[in-house]
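Here the structure is a predicted model, which is why all the values come from computation and not from measurement.
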Amino acid sequence: MVRQLGELEDAVMTRVWRWNRPVTVREVLLDLRTERDIAYTTVMTVLDKLYRKGWLRRERVGRAYRYEAVSSRETYTASLMNDAWATSENPAAALVHFFGMMSAEQRAALRDALRVAGPDLEVDTEETPPGPTR
């Protein structure tokens, strides 16, 4: 199960994902300081926690570490969606409600994603629904 990132973890990971390259504590700190007053040690601790949770990998460069994302924001989002869906006692009903909440743009993105994912995910109307046979 994937845990949702906390507010500061998300702010840090957003930068790591956006920059899409190894980053230092100082780089993240300087960018975060454009939005909030934050200490170097706080950013260092958050990056270390994200590393220990498996969200980042790191490499020592001199006396400091460079951190890099293990996976993309899209993978993180998909994991959260999958975990939320898995908690439903009626996954089909949950999907129906989810689709009902989607904007026209989101539904178009879903159609595009299903096309990209390939024919294995297309709906097969010939398939017999599961259930008791007579």
Side-chain angles (χ1 to χ4, degrees):
M1 180 171 220
V2 175
R3 280 197 184 166
Q4 189 168 359
L5 297 171
E7 179 191 349
L8 188 52
E9 289 174 329
D10 186 66
V12 168
M13 285 303 299
T14 294
R15 284 153 177 84
V16 174
W17 283 320
R18 186 177 352 122
W19 295 337
N20 196 28
R21 62 174 173 74
V23 300
T24 64
V25 173
R26 183 153 312 282
E27 288 175 304
V28 176
L29 170 72
L30 292 174
D31 200 59
L32 281 171
R33 281 191 174 164
T34 64
E35 298 173 1
R36 62 179 87 194
D37 185 29
I38 191 165
Y40 181 93
T41 54
T42 301
V43 176
M44 184 175 63
T45 299
V46 170
L47 284 163
D48 184 63
K49 284 183 178 181
L50 289 165
Y51 164 74
R52 293 183 191 286
K53 289 179 179 181
W55 287 106
L56 298 172
R57 64 179 143 257
R58 68 184 181 191
E59 179 183 355
R60 187 176 279 283
V61 179
R63 292 179 19 189
Y65 285 109
R66 288 199 181 272
Y67 294 87
E68 188 173 12
V70 169
S71 60
S72 68
R73 177 178 282 283
E74 292 75 18
T75 300
Y76 165 69
T77 302
S79 296
L80 288 176
M81 291 167 58
N82 188 57
D83 286 350
W85 187 39
T87 65
S88 176
E89 291 181 11
N90 187 341
L95 281 175
V96 169
H97 287 286
F98 179 66
F99 296 153
M101 295 176 186
M102 295 174 94
S103 68
E105 294 82 17
Q106 290 170 321
R107 287 191 300 277
L110 175 61
R111 282 190 294 278
D112 291 343
L114 288 171
R115 273 193 295 279
V116 170
D120 291 348
L121 293 179
E122 289 181 11
V123 176
D124 184 359
T125 56
E126 301 294 318
E127 188 175 306
T128 305
T133 57
R134 295 185 186 169

message: Quick test of your reading of the model: are Arg3 and Glu9 salt-bridged, counting only N-O distances below 4.0 Å?
response: no
message: If I take atom NZ from residue Lys53 and atom CG from residue Asp48, how far apart are they, to the nearest 0.5 angstrom?
response: 11.0 Å
task: Give the minimum heavy-atom separation between Met102 and Gln106, together with the two atoms involved.
output: CA-OE1, 3.2 Å
field: Nearest non-hydrogen partners of Val25 and Tyr67, listed with the distance
entry: CG2-CE1, 4.1 Å
task: Evaluate the side-chain proximity of Leu5 to Leu50: yes if any heavy-atom separation is below 4.5 Å, no if none is.
output: yes
query: Same hydrophobic cluster for Tyr51 and Val70, using side-chain heavy-atom links shorter than 4.5 Å among ILVMFWY?
result: no
- request: Supply the atom-to-atom distance Arg66 CZ to Glu59 CD, rounded to the nearest 0.5 angstrom.
  value: 8.5 Å
message: Just to verify, what does Ile38 make a side-chain contact (heavy atoms from CB on, under 4.5 Å) with, not counting sequence neighbours?
response: Leu8, Leu29, Leu32, Arg33, Arg36, Thr42, Val43
- prompt: For Glu7, does the CD atom have more than 12 heavy-atom neighbours from other residues, nucleotides or ligands under 6.0 Å away?
  reply: no
message: Between Trp55 and Leu47 (side chain of the first, backbone of the second, donor and acceptor by atom type, cut-off under 3.5 Å), is there such a pair?
response: no
- request: If a pair satisfies side chain to side chain donor-acceptor pair (under 3.5 Å) and one of its residues is in residues 75-90, list it, with sequence neighbours excluded.
  value: Ser72-Thr75
- prompt: Is it true that Val28 and Tyr40 fall in one hydrophobic cluster, defined by side-chain heavy atoms closer than 4.5 Å?
  reply: yes
message: How long is the straight-line distance from CZ of Arg107 back to CD of Glu105, given to the nearest 0.5 Å?
response: 8.5 Å
- line: Scanning both residues in full, the closest heavy-atom pair of Phe98 with Met81 reads CZ-CE, 4.1 Å
Nearest heavy-atom neighbours spanning Arg63 and Arg60: O-NH1, 3.3 Å
- prompt: Is there a path from Val12 to Trp19 through hydrophobic residues (I, L, V, M, F, W, Y) whose side chains come within less than 4.5 Å of each other?
  reply: yes
field: Closest approach of Pro22 to Glu27 (non-hydrogen atoms, all atoms of both residues)
entry: O-OE1, 4.1 Å
